[in-house]
J.: 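Sharing a structure here in structure tokens format.
All residue numbers refer to positions in the sequence shown, counting from 1. None of these values were measured; they are calculated from a predicted model.
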Amino acid sequence: MKNPTIQLSLQTSSLIAGFMMWVLISSLMPSIQEDIALTSGQVSFVTAIPVILGSLLRIPIGFYTNRFGARTVNLVALIILLFPVFYISVADSFMDLVIGGFILGVGGATFSIGVTSLPKYYPKEKHGFINGIYGVGNVGTAITTFAAPVIAGAIGWQSTVRFYIILIILFAALYFFLGDKDETKVKQSMIGQIKGVYRNSTLWFLSLFYFVTFGAFVAFTVFLPNFLVTDFGLTAVDAGIRTAGFIVLATFVRPVGGWLADKFNAYIILMFVFVGVTLSGILLSFSPSIAWYTVGSLAVGVSVGIGNGAVFKLVPFHFSKQAGVVNGIVSAMGGLGGFFPPIILTTVNNMTGDYSIGFMALSQFALVSFVIVIFMYYKDQITIERKIVEGATEGIIVMNKNGTIQYVNPAFTQMSGYTEEEAVGSKATNLLHSSMHEPSFYHDMRNTIHDHGYWKGEIWYTGNNDESNKEILTINTIKNNVDDIKYYVGIFSDLPNLDK
């Protein structure tokens, strides 16, 4: 494979170009409305329509990137983009904008190319940071949001759109000559990969997290230009500059989010992210002045930017064998997360006269995500602890307070000869009783555990093969936070040097 740094630079710059196309209509909407009469509902629909294809197409694009490589898939995507860009430049009706905008979504769909391809070039401990750097390609939306209205003011919005054709041809040439023909390719069926992951709750939780974080980023990107003009009376250029500021901030903290997820636990980072979005959504729901609205929006930008980087640290961590299709599904859900809010916000405003309910809904989605992150964090911790126990060389059994076995590790089944199915549900005293000990031995053991909370000593027990075995046994009492006994944990240590 070619130099990883070259591929990272090429794919990131290509994503910039793709995202520049993706928000072309929303950035030029104030200028377009001067020539094409549109209702507020039509404006919301037209600015949101590129998100549909830009979201749904991410699934097959992620899969085919794994199969054919980033070079081939990017070249095809750039060639396809030539049509909608030219078509929009000659549009003169609402339907023209819908058709052109829908196909323009290919620019947003290219996101799943890099997050699938680039991890192949770097070790796992850098995946969060590398995907975060790639995510800086989001800045393409800021470039168009800021520059397109300025250029349109000088040469007209139609000529501004045609200018992007030159950009597409340039990046297609770069990919043709610098793209990696030898990228590692994975040839698996899409249906097979989907079947392997669709029942995994982690996939859908990560999709929800990206739905909220990237969805909020996309929603604010396409919603802010027109919102700032209509509700705060700003000029199209001023609104574009402010929106670009939001995009740049959210974009450049994305590598920070990836780096933090590499350095610390990604779930803890996401907890802070969703608290930030929750509080920001509440602030915005109170319809503040332009100053406080700016604070709330920028707080959303920082939070979701960090969240975007953290989520794509977790995707290859949990789904290394199905990275292509899972990256596609998660990123698709993020894109769809940006489709609905502008329409919902406009509908809410038409019904109530303000956007409070819509922003409050954002905060509640974030709050639900926060609760799920806490659940996943502790589930992850339990999984790690269980793997440690299962990997221990000592035999371990867990009994409830009545002495019934609840869990045994593989080392215990190997020592005793009892399978997990035979051991779990049995009384420990019945399963491990031995005639080598008098009844008083077990009576003294129970008294010691009751008085001191633990017992340690040598014990004989009869295994599944009816042979007597001698081990060192340690029994500890596990209590809850109100000092009630919940479990007893027994640890068997082999005595290979003693006669049995």
J.: Between Leu206 and Val326, does the side-chain contact (heavy atoms from CB on, under 4.5 Å) criterion hold? Intermediate values first, please.
T.: CA-CA 10 Å; Leu206 294 179; Val326 171; 5.8 Å; no
J.: With a 4.5 Å limit on heavy-atom distance, are the side chains of Ile329 and Trp204 in contact?
T.: yes
J.: Could you check whether any side-chain heavy atom of Ile36 comes within less than 4.5 Å of a side-chain heavy atom of Ser93, counting everything from C-beta outward?
T.: no
J.: Name all residues meeting the side chain to side chain donor-acceptor pair (under 3.5 Å) criterion together with Asn74; count only those two or more places apart in sequence or in a different chain, and write none if there are none.
T.: Ser14, Tyr175
J.: Can you name the residues that form a side chain to side chain contact (heavy atoms under 4.5 Å, CB included) with Val43, not counting sequence neighbours?
T.: Met29, Gln33, Leu38, Thr47, Asn226
J.: More than 12 heavy atoms of other residues, nucleotides or ligands under 6.0 Å from OH of Tyr407: is that the case?
T.: yes
J.: Could you check whether atom CZ of Phe232 has more than 12 heavy atoms from other residues, nucleotides or ligands sitting under 6.0 Å from it?
T.: yes
J.: Output a table of donor-acceptor pairs, distance under 3.5 Å, between side-chain atoms of residues 163-173 and any protein atom two or more places apart or on a different chain; print 'none' if there are none.
T.:
| unit_1 | atom_1 | unit_2 | atom_2 | d |
| --- | --- | --- | --- | --- |
| Tyr164 | OH | Thr144 | OG1 | 2.9 |

J.: Under a 3.5 Å threshold, yes or no: a donor from one side chain and an acceptor from the other, between Tyr121 and Asp180?
T.: yes
J.: Show me the pairs that pass side chain to side chain donor-acceptor pair (under 3.5 Å) and involve residues 15-28, at least two apart or across chains.
T.: Ser27-Thr145
J.: Starting from the C-alpha separation in whole Å, work towards a yes-or-no answer on side-chain contact (heavy atoms from CB on, under 4.5 Å) for Leu362 and Phe220.
T.: CA-CA 12 Å; Leu362 171 64; Phe220 274 71; 4.2 Å; yes
J.: After noting the C-alpha distance and the side-chain angles of Phe359 and Phe286, does the key distance pass the side-chain contact (heavy atoms from CB on, under 4.5 Å) rule?
T.: CA-CA 9 Å; Phe359 287 123; Phe286 284 98; over 6 Å; no
J.: Please tabulate, one pair per line, all N/O donor-acceptor pairs under 3.5 Å involving side-chain atoms of residues 263-284, not counting sequence neighbours.
T.:
| unit_1 | atom_1 | unit_2 | atom_2 | d |
| --- | --- | --- | --- | --- |
| Asn265 | OD1 | Tyr267 | N | 2.8 |
| Tyr267 | OH | His318 | NE2 | 2.9 |
| Thr278 | OG1 | Phe274 | O | 2.7 |
| Thr278 | OG1 | Ser363 | O | 3.4 |
| Thr278 | OG1 | Leu367 | N | 3.3 |
| Ser280 | OG | Gly276 | O | 2.8 |

J.: Keeping to residues at least two apart or across chains, list the salt bridge (Lys or Arg N to Asp or Glu O under 4.0 Å) pairs with something in residues 242-256.
T.: Asp238-Arg242
J.: Mind jotting down which residue pairs meet the side chain to side chain donor-acceptor pair (under 3.5 Å) criterion with at least one end in residues 289-306? Sequence neighbours excluded, please.
T.: none
J.: How long is the gap from OG1 on Thr5 to CG on Leu10, to the nearest 0.5 Å?
T.: 12.5 Å
J.: Does anything in residues 127-156 pair up under ring-ring contact (aromatic ring centres under 6.0 Å, His included), and if so which pairs, sequence neighbours excluded?
T.: Phe111-Tyr134
J.: For a quick check under 3.5 Å, do Gln11 and Ser117 share a side-chain donor-acceptor pair by atom type?
T.: yes
J.: Strictly by modelled atom types, are Tyr87 and Asp96 linked by a side-chain donor-acceptor pair under 3.5 Å?
T.: yes
J.: Within this structure, what is the OG1-CD1 distance for the pair Thr12 and Ile130, rounded to the nearest 0.5 Å?
T.: 8.5 Å
J.: Nearest heavy-atom pair of Leu28 and Pro149: which atoms, and what distance?
T.: CD2-N, 4.1 Å
J.: Determine the minimum heavy-atom distance between Leu104 and Pro84, stating which atoms define it.
T.: N-CB, 3.8 Å
J.: Do Gln42 side-chain atoms and Thr39 backbone N/O form a donor-acceptor pair below 3.5 Å?
T.: yes
J.: Do the side chains of Val304 and Phe214 get nearer than 4.5 Å, heavy atoms only?
T.: no
J.: Would you say Asp35 and Asp92 make side-chain contact, with heavy atoms under 4.5 Å?
T.: no
J.: So, the side chain of Ser285 versus the backbone of Met360: is there a donor-acceptor pair under 3.5 Å, distance only?
T.: no
J.: Between Glu183 and Arg71, does at least one N-O distance fall below 4.0 Å, as a salt bridge requires?
T.: no
J.: With a 4.5 Å cut-off on side-chain heavy atoms, are Val139 and Phe19 touching?
T.: no
J.: Take a 6.0 Å sphere around NZ of Lys486 and say whether it holds more than 12 heavy atoms from other residues, nucleotides or ligands.
T.: no
J.: Once you round to the nearest 0.5 Å, how far does CD1 of Ile88 lie from CD1 of Ile103?
T.: 9.0 Å
J.: Taking all non-hydrogen atoms of both residues, which atom of Ala148 and which atom of Thr160 are closest, and how far apart?
T.: O-CG2, 3.9 Å
J.: Side chain to side chain donor-acceptor pair (under 3.5 Å) with Thr141: which residues, sequence neighbours excluded?
T.: none
J.: With sequence neighbours left out, which residue pairs that include part of residues 139-159 fulfil the salt bridge (Lys or Arg N to Asp or Glu O under 4.0 Å) condition?
T.: none
J.: So, for Ala261 and Ala310, which heavy atoms are closest and what is the spacing to 0.1 Å?
T.: CB-CA, 3.9 Å
J.: If you draw a 6.0 Å radius around CZ in Phe205, do more than 12 non-hydrogen atoms from other residues or ligands fall strictly inside?
T.: yes
J.: Would you compute the distance between atom CG of Leu8 and atom CG of Asn131 and round it to the nearest 0.5 angstrom?
T.: 9.5 Å
J.: I need the minimum non-hydrogen distance between Val253 and Gly301, along with the two atoms involved.
T.: CG2-O, 4.2 Å
J.: A side-chain contact here means heavy atoms from C-beta on lying under 4.5 Å apart; do Ile290 and Leu228 qualify?
T.: yes
J.: Is Asp262 salt-bridged to Lys126, cutoff N-O under 4.0 Å?
T.: no
J.: Between OG of Ser112 and CD1 of Ile61, what distance do you get to the nearest 0.5 Å?
T.: 5.0 Å
J.: Answer whether the closest heavy-atom distance between the side chains of Ile113 and Thr110 falls below 4.5 Å.
T.: yes
J.: Could you tell me which residues satisfy side chain to side chain donor-acceptor pair (under 3.5 Å) with Thr65, sequence neighbours excluded, listed by chain and number?
T.: none
J.: When you measure from the side chain of Lys120 to the backbone N and O of Thr184, does any donor-acceptor pair fall under 3.5 Å?
T.: yes
J.: What's the shortest heavy-atom distance between Thr116 and Gly62, and which atoms?
T.: CG2-O, 3.6 Å
J.: So Ser201 and Lys379, do their side chains get closer than 4.5 Å, heavy atoms only?
T.: yes
J.: Taking only residues two or more places apart in sequence, or in another chain, which ones meet Val90 in a side chain to side chain contact (heavy atoms under 4.5 Å, CB included)?
T.: Phe86, Arg162
